[in-house]
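This report concerns only the one structure given below.
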Number of protein chains: 2
Amino acid sequence: MFSPLFQHFQKYISLTAEEEEIIKPYLQISTVANKEYILQQGQICQANYFIANGCIRKYFTTDQGTEQIIQFAIDNWWITDYTSMDFQQPSLYTIQAVEESVIIVLKRSIEDELFRKVPALERYFRIILQRAFAASLNRIHYIYSFSGEERYRHFSNAFPEFVQRVPQYMLASYLGFTPEFLSKIRSRKG
Amino acid sequence: MFSPLFQHFQKYISLTAEEEEIIKPYLQISTVANKEYILQQGQICQANYFIANGCIRKYFTTDQGTEQIIQFAIDNWWITDYTSMDFQQPSLYTIQAVEESVIIVLKRSIEDELFRKVPALERYFRIILQRAFAASLNRIHYIYSFSGEERYRHFSNAFPEFVQRVPQYMLASYLGFTPEFLSKIRSRKG
DNA sequence: TTCCTTTCTTAAACAAGATTAAGATTTTTG
DNA sequence: CAAAAATCTTAATCTTGTTTAAGAAAGGAA
């Protein structure tokens with residue numbers, strides 16, 4: 001049941017069978033329907049969510065009322081709002097399922113205790129945070145060095161299955177332009 | 001000599017005097033002049049750099065030959081290229097001093113051994129990486145929800161000293177527009 | 001002081017992408 | 001199946017910011 005997560009752990013650290021048994025009671029599994037909310041703007045984020053399978057988006061609503069997507073998470077990614085969780089502040093973001101998904105929940109309130117019992121997990125999160133931070137800076141690199149059209153071409157080249165998986169208007173939002181512009185781009189070349 | 005770093009550690013974790021003594025031999029201190037390079041595009045990044053005082057930028061050169069700044073680091077921030085370091089790949093980035101700076105160097109090659117001897121450091125880096133990742137996503141939030149002019153106004157409001165500290169063309173690059181446009185903005189309102 | 005380099009400004013012509021306002025198509029639901 | 005909701009497309013007009021090409025200040029170094 002938790003196996004996608006334990007497999008992910010083993011990619012970065014080694015856990016004994018005993019350690020895995022210690023960890024299990026700290027986790028919860030949950031199935032969310034398409035469009036179901038995991039966190040809503042204004043709530044304080046209380047957990048880190050691992051996507052066992054499915055697709056989740058994190059977005060905010062601009063002053064003009066449009067939804068701006070900040071992150072997508074698919075199979076084997078964690079998603080949360082660290083700002084809200086670390087400072088126990090109301091979140092600016094909404095985290096919502098884009099398709100039916102199975103998620104594993106690690107609550108903030110028991111995280112410290114878990115890390116004390118299984119210190120290797122601290123290492124695991126340090127490593128995946130390094131990757132996530134690097135990916136985020138890499139995204140800024142992309143935003144700044146390519147035009148909207150170039151970003152779209154790169155992205156659909158790099159993640160063709162993903163482009164099929166989410167509605168186009170969400171992709172446009174994630175890539176930082178309007179759905180109308182994405183339509184225009186797509187009509188330029190097959 | 002290492003005190004800015006040890007003070008920074010103590011903000012997030014507790015270290016005993018013995019642990020501090022264990023850590024010291026793993027660190028190196030270095031003074032870099034204005035415009036001196038810490039890492040050059042194409043080299044493999046071999047360390048994480050803590051700015052005890054000064055100002056450092058990380059940038060890449062676009063196809064059109066302009067320098068695009070991805071990150072600034074000032075007093076009490078770490079800077080490195082995790083992608084290059086984690087995968088031992090040539091870096092796309094150049095890390096360079098923007099003013100004379102004192103930096104503390106933690107080499108990648110001895111990091112694992114240090115974390116084994118002082119596991120609390122793993123926790124420290126996990127926490128600051130959470131902050132750095134959140135800050136980076138927050139920056140994407142800003143890029144997507146505000147115009148260039150709004151980003152400049154927000155930034156100079158939030159960090160007025162910093163705006164004085166670096167040349168305007170670097171600020172323009174960091175904020176994602178041209179120096180000419182920054183000049184135009186500035187002439188609009190005193 | 002004088003030259004040289006770095007940084008900043010101005011303005012005109014231009015391009016990328018937003019906005020607005022339809023309408024067309026697809027998917028979902030009763 | 002029919003109706004409603006969600007998604008995608010097209011095209012005209014408008015904005016934000018780029019490009020290009022000067023020249024003006026400011027700061028170092030000899």
Side-chain angles (χ1 to χ4, degrees), chain A residues 32-37 55 57 59-69 72 94 96-100 140 142-156 162-190, chain B residues 33-37 55 57 59 61-69 72 94 96-100 140 142-156 162-190:
Chain A
V32 287
N34 186 15
K35 299 193 182 161
E36 197 174 323
Y37 295 110
C55 183
R57 65 172 180 154
Y59 67 91
F60 65 94
T61 304
T62 65
D63 297 342
Q64 296 88 52
T66 60
E67 290 173 357
Q68 178 58 61
I69 296 176
F72 274 117
T94 295
Q96 186 196 34
V98 168
E99 52 187 59
E100 181 172 306
I140 293 174
Y142 263 73
I143 293 171
Y144 279 159
S145 43
F146 299 111
S147 69
E149 173 154 12
E150 288 169 320
R151 274 177 347 251
Y152 170 70
R153 305 266 182 231
H154 270 117
F155 193 86
S156 14
F162 186 78
V163 171
Q164 298 303 104
R165 207 162 151 180
V166 302
Q168 277 178 42
Y169 73 91
M170 287 192 191
L171 195 63
S173 170
Y174 179 76
L175 292 173
F177 46 73
T178 60
E180 292 84 355
F181 184 61
L182 179 48
S183 243
K184 197 194 262 182
I185 288 171
R186 280 165 48 88
S187 71
R188 294 220 258 256
K189 177 187 119 190
Chain B
N34 185 16
K35 299 193 182 162
E36 198 173 324
Y37 296 111
C55 183
R57 66 172 178 151
Y59 67 91
T61 305
T62 65
D63 297 341
Q64 296 88 52
T66 60
E67 290 173 357
Q68 178 57 63
I69 297 176
F72 274 117
T94 295
Q96 185 195 35
V98 169
E99 52 186 58
E100 182 172 306
I140 293 174
Y142 261 73
I143 292 171
Y144 279 159
S145 42
F146 299 112
S147 70
E149 173 153 12
E150 287 170 321
R151 270 170 1 243
Y152 170 70
R153 306 264 183 233
H154 270 116
F155 193 86
S156 14
F162 187 79
V163 172
Q164 297 304 103
R165 206 162 152 181
V166 301
Q168 276 177 43
Y169 72 92
M170 287 193 190
L171 195 63
S173 169
Y174 178 77
L175 291 174
F177 45 73
T178 59
E180 291 84 355
F181 184 61
L182 178 50
S183 243
K184 198 194 263 182
I185 288 170
R186 280 166 47 86
S187 71
R188 293 219 259 257
K189 177 185 118 193

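Every chain is numbered from 1 and lettered A, B, ... according to where its sequence line falls, protein lines coming before strand lines. Just so we're clear, the structure is a prediction, and the values are computed from it rather than from any experiment.
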Atom pairs and distances, side-chain donor-acceptor, residues 165-173 of chain A, under 3.5 Å, sequence neighbours left out:
residue   : atom : partner   : partner atom : Å
Arg165(A) : NE   : Glu99(A)  : OE1          : 3.2
Arg165(A) : NE   : Glu99(A)  : OE2          : 3.3
Arg165(A) : NH2  : Gly54(A)  : O            : 2.8
Arg165(A) : NH2  : Asp75(A)  : OD1          : 3.2
Arg165(A) : NH2  : Glu99(A)  : OE2          : 3.1
Gln168(A) : OE1  : Arg186(A) : NE           : 3.2
Ser173(A) : OG   : Glu67(A)  : O            : 3.2
Ser173(A) : OG   : Ile69(A)  : N            : 2.8

- Query: Nearest 0.5 Å, what's the NE2-CG distance between His154(A) and Leu175(A)?
  - Reply: 12.0 Å
- Between dA25(D) (C1') and Arg186(B) (CZ): distance, integer Å: 13 Å
- Message: Please pick, from dA18(C), dT10(C), dT7(D), the nucleotide with the shortest atom-to-atom distance to any side-chain atom of Phe181(A).
- Response: dA18(C)
- Task: Check the distance between dG28(D)'s C1' and Glu99(B)'s CD and give it to me in whole angstrom.
- Result: 18 Å
- Message: At 4.0 Å (heavy atoms only), tell me whether Ser183(B) reaches a base, stays on the sugar-phosphate, or touches nothing.
- Response: base
- In whole angstroms, the gap separating C1' of dA5(D) from CG of Asn34(A) amounts to 14 Å
- Task: Whole angstrom is fine here: how far is it from CG in Leu182(B) over to C1' in dT18(D)?
- Result: 14 Å
- Task: Rounded to the nearest 0.5 Å, what's the gap from NZ on Lys184(B) to CZ on Arg188(B)? Could you check?
- Result: 6.5 Å
- Query: Rounded to the nearest Å, what distance is computed from the CE atom of residue Met170(A) to the P atom of nucleotide dC8(D)?
  - Reply: 9 Å
- Message: Rounding to an integer number of Å, can you tell me how far Leu175(A) CG sits from dG17(C) P?
- Response: 11 Å
- Phosphate oxygens OP1/OP2 of dT9(C): is one of them under 4.0 Å from a side-chain N or O of Gln168(B)? yes
- Query: When you measure from the side chain of Glu180(B), which nucleotide among dT18(D), dC8(D), dT9(C) comes out closest?
  - Reply: dT9(C)
- Query: Is a side-chain donor or acceptor of Gln96(A) paired with a backbone partner of Lys35(A) at a separation under 3.5 angstrom?
  - Reply: yes
- How many Å lie between CD on Gln164(B) and P on dC8(C), as a whole number? 11 Å
- Item | Interatomic distance where CZ belongs to Phe177(B) and C1' belongs to dT16(D) [whole Å] | 12 Å
- dT9(C) phosphate, OP1 or OP2, under 4.0 Å from Ser187(B) side-chain N/O: no
- Looking only at heavy atoms, which two atoms of Gly148(B) and Phe177(B) are closest? And how far apart? O-CE2, 3.4 Å
- Thr178(B) vs dT18(D): side-chain N/O to OP1/OP2 distance below 4.0 Å: yes
